[in-house]
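Excluded from the calculations below are hydrogen atoms, water molecules and symmetry mates; all remaining heavy atoms, backbone and side chain alike, are included. Remember, it's a predicted structure, so these values are computed and weren't measured experimentally.
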Amino acid sequence: QVQVVESGGGLVQPGGSLRLSCAASGTILSISDMGWYRQAPGKQRELVAVVGSGSTGNNTNYAGSVKGRFTISRDNAKNTVYLQMNMLKPEDTFIYYCYADVKSDFRFYQRYWGRGTQVTVSS
């Protein structure tokens, strides 16, 4: 009874920017990590960025391929995570999936996934 929904994908030219959003809703007691993976057809899903629930110290982690170009952030009041993508390259063309580690009516955190949003970088 937890839903995770991404939005903000689309077609952009190389060097352009997109901002992805992902909102978790439903029966939520708390959310730990939230993050983004991306996947090409027939290949493994790879981590793009993750942000923890805390605000002290370094609570983010990025794939080396996006570090310096992408920024992950979250709004805990809205149960929403964002991915600001700048200086986009054609090799950033993937389906981007959001996840949230959610505690609802279970003892342990469970990972919930969005359906994905397509990002295409092409001229």
(message) Less than 4.5 Å apart, side chain to side chain, heavy atoms only: is that true for V81 and V51?
(response) yes

(request) Drop me the distance from S25's OG to N79's CG, to the nearest 0.5 angstrom. (result) 8.5 Å

(message) Give me the atom names and distance for the closest heavy-atom approach of M34 to T80.
(response) CE-C, 4.2 Å

(request) Using the test side-chain contact (heavy atoms from CB on, under 4.5 Å), find all partners of A49 that sit at least two apart in sequence or belong to another chain. (result) Y62, I72, L83

(message) When you measure from the side chain of N59 to the backbone of G54, do you find a donor-acceptor pair of N or O atoms at a distance under 3.5 Å?
(response) yes

(message) Checking side-chain polar atoms at under 3.5 Å, does Y109 have a donor or acceptor matched by the opposite partner on S30?
(response) yes

(request) Working to the nearest 0.5 Å, report the span between CD1 of I28 and CD of Q1. (result) 11.5 Å

(message) Quick check for you: to the nearest 0.5 Å, what is the distance between M87 atom CE and D92 atom CG?
(response) 10.0 Å

(message) I need the minimum non-hydrogen distance between I31 and A24, along with the two atoms involved.
(response) CD1-CB, 4.0 Å

(message) Between V121 and F94, is there shared hydrophobic-cluster membership here, with clusters defined by ILVMFWY side-chain heavy atoms closer than 4.5 Å?
(response) yes

(request) First locate atom OG of S65, then atom CD of E46, and finally report the distance between them rounded to the nearest 0.5 Å. (result) 5.5 Å

(message) Tell me which one of K89, M85, Q84 satisfies side chain to side chain contact (heavy atoms under 4.5 Å, CB included) with R69.
(response) K89

(message) Is it the case that the side chain of R74 and the backbone of G52 share a donor-acceptor pair, with hydrogens and angles ignored and the cut-off at 3.5 Å?
(response) yes

(request) Of all the heavy-atom pairs spanning V2 and S104, show the shortest one and how long it is. (result) CG2-CB, 4.2 Å

(message) Are Y99 and W113 an aromatic pair, judged by ring center distance below 6.0 Å?
(response) yes

(request) Report whether L88 and V48 are members of the same hydrophobic cluster (ILVMFWY, side-chain heavy atoms less than 4.5 Å apart, transitive linking). (result) yes

(message) Go through it in stages, so that I can follow the logic: the residues are N61 and L47, the test is side chain to side chain contact (heavy atoms under 4.5 Å, CB included), and I'd like the CA-CA distance, side-chain angles, deciding distance and then a yes or no.
(response) CA-CA 9 Å; N61 190 34; L47 179 68; 4.3 Å; yes

(request) Please test D75 against Y82 for side chain to side chain contact (heavy atoms under 4.5 Å, CB included), starting from the C-alpha separation and ending with a verdict. (result) CA-CA 8 Å; D75 185 339; Y82 306 95; 4.1 Å; yes

(request) Can you tell me which residue pairs pass the salt bridge (charged side-chain N to carboxylate O under 4.0 Å, His left out) test with a partner in residues 95-108, sequence neighbours excluded? (result) D101-R111

(request) Report yes or no: do Y37 and R45 form a side-chain donor-acceptor pair below 3.5 Å? (result) no

(message) Can you give me the closest heavy-atom contact between R115 and E6, atom names plus distance?
(response) N-OE1, 3.1 Å

(request) Check whether any side-chain heavy atom of T71 lies under 4.5 Å from a side-chain heavy atom of T60, and answer yes or no. (result) no

(request) Check the surroundings of atom CD in E91: do more than 12 heavy atoms from other residues, nucleotides or ligands lie under 6.0 Å from it? (result) yes

With a cut-off of 3.5 Å and sequence neighbours excluded, list every side-chain donor-acceptor pair involving residues 7-23.
residue	atom	partner	partner atom	Å
S17	OG	N86	OD1	2.8

(message) Testing the basics here: between Y97 and G114, what is the closest heavy-atom pair and its distance to 0.1 Å?
(response) CD2-O, 3.6 Å

